[in-house]
Amino acid sequence: MTQQLAGHLLVDCLLAQGVTHAFGVPGESYLAALDGLHARQDRIRFITCRQEGGAAFMAEAHGKLTGRPGVCMVTRGPGATNASIGVHTAFQDSTPMVLLVGDVASDCRDREAFQEVDYSSFFGPSTKGFAKRVERIDDADRIPEYVARAFATAMNGRPGPVVLVLPEDMLTRMSSAQPLPRVEPVQAWSDPGALRTLRELLLKSKQPLVIAGGGGWTPQSAQALQRFAENWKLPVGNAFRFQDTFDNHHPLYAGDVGIGLSPKLAARVKASDLIIAIGPRLGEMTTGNYTLIEAPRPKQKLVHIHASAEELNRVFQADLAINATMNAAARSLEVLSAPVSVPWEAWTAEANADYLANLEPQALPGDIDMPAIVGLLQKHLPPDAVLTNGAGNFASWVHRFFKHHGLVKGHKTQLAPTVGAMGYGVPAGIAAAITTGRVAFTIAGDGDFLMNGQELATAVQHGAKSIIVLLNNGMYGTIRMHQEKTYPQHESGSRLNNPDFAALARAYGYAGVRITRTDGFEVELLAALARPEGTLIEVMLDPEVITTRATLSSITQAALQQGL
């Protein structure tokens with residue numbers, strides 16, 4: 001049989017798994033794989049990034065958008081540790097991802113060779129927060145086996161990241177092995193008896209609430225979820241930063257169950273007598289620090305449906321735990337026979353009314369009206385636009401006021417890190433533009449942008465266009481808010497001296513503009529949508545406008561009145 005370099009075989013195995021893009025920073029430890037990418041550049045694009053953290057975020061975003069593992073390629077030591085932020089994000093966000101790490105040669109291993117790291121210790125499952133699996137490929141002939149297993153592990157059960165370590169000398173060996181066929185995720189179906197029990201719980205309920213989210217959703221499963229909700233007239237809230245799981249325009253939508261959620265929705269979660277959680281692991285942000293839904297035994301009846309059996313009853317003891325993937329679960333639920341009428345129709349209508357009322361903004365100071373700006377985004381962005389953000393109070397403007405059509409209309413429209421990683425939005429937006437060709441919009445803060453703003457160079461090099469609205473208030477706003485809540489008037493470390501962001505964007509090859517008043521935004525947004533290159537719109541935001549509901553001064557005064 002014909003032999004080839006193991007690095008070329010590796011790329012063939014990626015192609016067999018349907019990989020179209022790999023994001024990374026090149027390194028001498030995997031030159032043979034880079035050569036394989038060069039030989040197959042008509043079938044797979046290597047997106048050269050500027051820092052491995054940005055590359056890993058792009059791969060994670062690609063995984064969210066496609067439902068198949070995003071691929072990130074980095075070199076050993078510093079490259080791998082830089083990429084760890086994307087691996088951690090993929091883990092907590094339940095996103096399929098494969099990180100390929102070029103490593104030291106086998107004859108140097110375990111000598112603390114140049115940039116050597118024990119990846120099993122660093123990324124391993126024992127860390128409870130990085131990779132689902134870490135494996136080292138020492139035999140070139142087994143590359144197909146390891147790659148296929150990595151893709152299966154990344155997609156099956158609770159999706160997540162897998163790390164494959166590639167010794168430099170292994171990649172330069174010759175092999176006659178052939179790629180294994182494309183791996184598809186396994187569907188786990190709900191137990192019929194459990195579905196009967198779920199129906200009985202619903203029939204006994206007076207105030208049920210569905211919370212949908214987590215990984216593994218498709219347009220088909222989102223449509224089935226909507227039919228289930230419509231059949232039973234159930235209010236549906238989306239878990240933290242999975243706001244595109246259920247259509248925000250639907251009359252059954254109850255709102256975003258996440259950070260800064262509506263006080264009325266928080267009260268509704270607590271008042272519910274039956275929570276049906278479909279997909280989310282019910283993390284700290286969705287449960288309000290485990291107070292809206294108390295661990296380990298919630299006050300509400302809890303039906304928890306999750307793709308991973310290991311996740312069920314891990315934190316919350318559910319009244320009914322169902323191990324099912326989202327596609328299978330939603331399709332089972334949509335055919336669950338509903339009665340002619342249910343006693344909670346008023347409860348459902350009130351939930352949607354509360355959501356709509358929450359779209360009415362509070363009066364806040366300054367020349368920038370952020371709800372009005374989000375309204376212009378809603379007006380002018382196409383319905384299939386991908387909205388991305390990193391972490392910070394700035395994200396709460398789109399979280400509260402933007403309404404996603406989302407998956408039910410055929411497209412994933414939100415890329416946001418439930419792990420709360422700063423710097424995610426810019427590379428995620430670039431990945432969205434590269435992966436989908438759709439309009440990619442990013443909202444960023446000044447501190448958040450500078451975490452990965454260098455990836456604008458990546459966008460320009462690869463012909464990707466994103467539109468970035470950067471809110472500049474001269475500080476790490478979330479941290480300053482918490483400082484004023486806990487240690488009022490003791491600012492420490494949260495003030496920022498910033499560059500001219502519009503000029504910086506122009507230096508990278510983006511258009512860069514700055515506005516200081518709301519009435520200057522619409523014309524700049526329309527220009528950004530029309531021009532072929534990407535655009536950064538710097539918005540000078542009054543530091544007082546710290547949240548969607550309160551000013552910095554009011555938070556300080558409230559803390560002082562409490563004697564803090």
| said: Would Arg314 and Glu310 count as a salt bridge (charged side-chain N to carboxylate O under 4.0 Å, His left out) here? Give the steps. | reply: CA-CA 7 Å; Arg314 183 177 68 86; Glu310 289 75 16; over 6 Å; no
Next item on the list: Could you walk me through whether Arg241 and Asp93 pass the salt bridge (charged side-chain N to carboxylate O under 4.0 Å, His left out) test, one step at a time?
Entry: CA-CA 9 Å; Arg241 289 184 170 166; Asp93 285 45; over 6 Å; no
In this structure, CG of Leu201 is separated from CD1 of Ile276 (nearest 0.5 Å) by 8.0 Å
Taking the side chain as every heavy atom from C-beta outward, state whether Met97 and Cys72 have any pair of such atoms under 4.5 Å apart. yes
- Validation row: Arg68, Gln17 side chains within 4.5 angstrom (heavy atoms): yes
* To do: Tell me, please, whether Phe91 has Arg158 positioned over its six-membered ring: NZ or CZ under 6.0 Å from the ring centre and within 45 degrees of its axis?
  => yes
- Query: Distance only, no hydrogens: is a donor on one side chain within 3.5 Å (strictly under) of an acceptor on the other, for Gln223 and Arg331?
  - Reply: no
Distance-only donor-acceptor pairs under 3.5 Å for side chains of residues 435-442, two or more places apart:
residue, atom, partner, partner atom, Å
Thr435, OG1, His62, ND1, 2.9
Thr435, OG1, Ala431, O, 2.8
Thr436, OG1, Ala432, O, 2.7
Thr436, OG1, Arg438, N, 3.0
Arg438, NH1, Asp384, O, 2.4
Arg438, NH1, Lys412, O, 3.3
Arg438, NH2, Lys412, O, 3.4
Thr442, OG1, Thr388, OG1, 2.7
Thr442, OG1, Gly425, O, 3.3

Here the ring-ring contact (aromatic ring centres under 6.0 Å, His included) pairs for residues 411-434, sequence neighbours left out, are Phe57-Tyr424
Residues passing the side-chain hydrogen bond (donor to acceptor under 3.5 Å, both in side chains) test with His404, sequence neighbours excluded, are Thr413
Mind checking whether Phe401 and Trp397 have parallel, tilted or perpendicular rings, split at 30° and 60°?
parallel
Contacts satisfying salt bridge (charged side-chain N to carboxylate O under 4.0 Å, His left out) that involve residues 524-539 (not counting sequence neighbours) are Arg514-Glu538
Side chain to side chain donor-acceptor pair (under 3.5 Å) pairs touching residues 347-356, sequence neighbours excluded, are Arg268-Asp354
Near-ring test Phe246/His250, centroid separation under 6.0 angstrom: yes
Quick one about Glu455 and Thr458 (side-chain donor to acceptor, distance below 3.5 Å, no hydrogens or angles considered), yes or no?
yes
Side chains of residues 332-339: which donor-acceptor partners sit under 3.5 Å, not counting sequence neighbours?
residue, atom, partner, partner atom, Å
Ser332, OG, Ala328, O, 3.0
Glu334, OE1, Arg227, NE, 2.5
Glu334, OE1, Arg227, NH2, 3.2
Ser337, OG, Arg199, NE, 3.1

The reported gap from OH in Tyr510 to CG in Leu536 (rounded to nearest 0.5 angstrom) is 8.5 Å
query = Going by heavy atoms in the side chains, are Ser262 and Arg549 under 4.5 Å from each other?
reply = yes
